[in-house]
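Below, read A as the first sequence line, B as the second, and so on, with proteins coming before strands; counting in each chain starts at 1.
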Number of protein chains: 2
Amino acid sequence: MATDQLSVTFAALADPTRRAMLARLAQGEATVSDLAQPFDLSLPAISKHLKVLQHAGLVSQGRRAQWRPCRIEPAPLKEVAVWMEGYRQFWDESWDRLDAYLEALQTEEGEQGA
Amino acid sequence: MATDQLSVTFAALADPTRRAMLARLAQGEATVSDLAQPFDLSLPAISKHLKVLQHAGLVSQGRRAQWRPCRIEPAPLKEVAVWMEGYRQFWDESWDRLDAYLEALQTEEGEQGA
DNA sequence: ATGCTATTTAGCTAAGTAGTGAATCAGGAG
DNA sequence: CTCCTGATTCACTACTTAGCTAAATAGCAT
């Protein structure tokens, strides 16, 4: 398995359960049981998913009595955003519009030339 | 393994070899051998990585004689970008600045109150 | 037909992942 | 101290992934 940060982050995000947990944490702190509640999974399974998210640095965990409140951490998402930036031309709609625009321009020129 | 599109895409991106192949394809079409060239991997290994990328819809393959020219496909990247949008508040720097700004405001208010 | 180059498929191994239940640790509360 | 709740670790099973070599397929060139 790849161990570079970006690979670990992508791998952590490659699971709908973990993304749902992250979505829940985007709304604020939650305990492990809070996170487990929507799923038909054992607590150990949730704990494991959580560990994957922590290992990726996407989530940090505190302690309050017997609870382990979890928070979302922005750094790895930022790294993904930076990586995505390098491919913006492929996914940004405005680029598609620009592409269509340039194509239209070229067509006009062709018609003028004919 | 999760089979939803986003999970498959993230899983495909969770490998530095595959991301490097994608980076190469971002510069234009390439054959399988072209893609294999920078790596110390057997051709079958590259072919497998390529299949993962194709299965994620990130790459499409044509045929020209005995070559299979590969192209990058934008749709799954777009889906990732859309997903990321939902977390912009966590990774966008301007949010950090806003956060700092609000914090500064609150500190000022506190000092005024004291 | 034969061969040559590009690529894929098959069959295998080693290692990693996702889930389970049982047991254990952490930390109040009676 | 003992019990109860929250959470983790352990030991195990089923499955997937990444790599390899060897063999097969695709398509041009002779």
| request: For B:Thr17, answer base if it contacts any base atom (sugar-phosphate contacts may also be present), sugar-phosphate if it contacts only those atoms, and nothing otherwise; contact means non-hydrogen atoms under 4.0 Å. | output: nothing
| said: Mind checking if A:Ile46 touches a base, just sugar-phosphate, or nothing, with heavy atoms under 4.0 Å? | reply: nothing
Is the shortest side-chain N/O distance from [X] to OP1 or OP2 of [N] below 4.0 Å?
X       : N      : result
A:Arg63 : C:dG27 : yes
B:Arg64 : C:dA6  : no
B:Ser33 : C:dA6  : no
A:Ser42 : C:dG19 : no
A:Gln61 : D:dT8  : yes
B:Lys51 : C:dT7  : no

Out of [options], whichever nucleotide has its closest atom nearest the side chain of [X]:
X       : options               : value
A:Lys48 : C:dT20, C:dG28, D:dT9 : C:dT20
A:Ala65 : C:dT5, C:dG27, D:dA18 : C:dG27
B:Pro44 : C:dG28, C:dA6, C:dT8  : C:dT8
B:Leu41 : C:dA18, D:dA7, D:dC20 : D:dC20
B:Ala45 : D:dG19, C:dG19, D:dG6 : D:dG19
A:His49 : D:dT8, D:dG27, C:dG19 : C:dG19

| query | Taking the nucleotide of DNA chain C with the closest heavy atom to each, which residue, B:Leu43 or A:Ala11, is nearer the 5' end? | reply | B:Leu43
| field | Euclidean distance, atom CH2 of residue A:Trp67 to atom P of D:dA7 [Å, nearest integer] | value | 8 Å
| field | Atom-pair distance (CZ on A:Phe39; P on C:dT20), nearest Å | value | 13 Å
| field | Polar side chain donor-acceptor pair, B:Gln5 to B:Thr9, under 3.5 angstrom | value | yes
| query | Would A:Leu35 and A:Val52 show up in the same hydrophobic cluster when neighbours are defined by side-chain heavy atoms closer than 4.5 Å? | reply | no
| Minimal non-hydrogen separation, B:Leu13 against A:Phe10, with atom names | O-CD1, 3.4 Å
| message | Let me confirm one number: the CG-CG distance from B:Leu53 to B:Leu25, rounded to the nearest 0.5 Å. | response | 8.0 Å
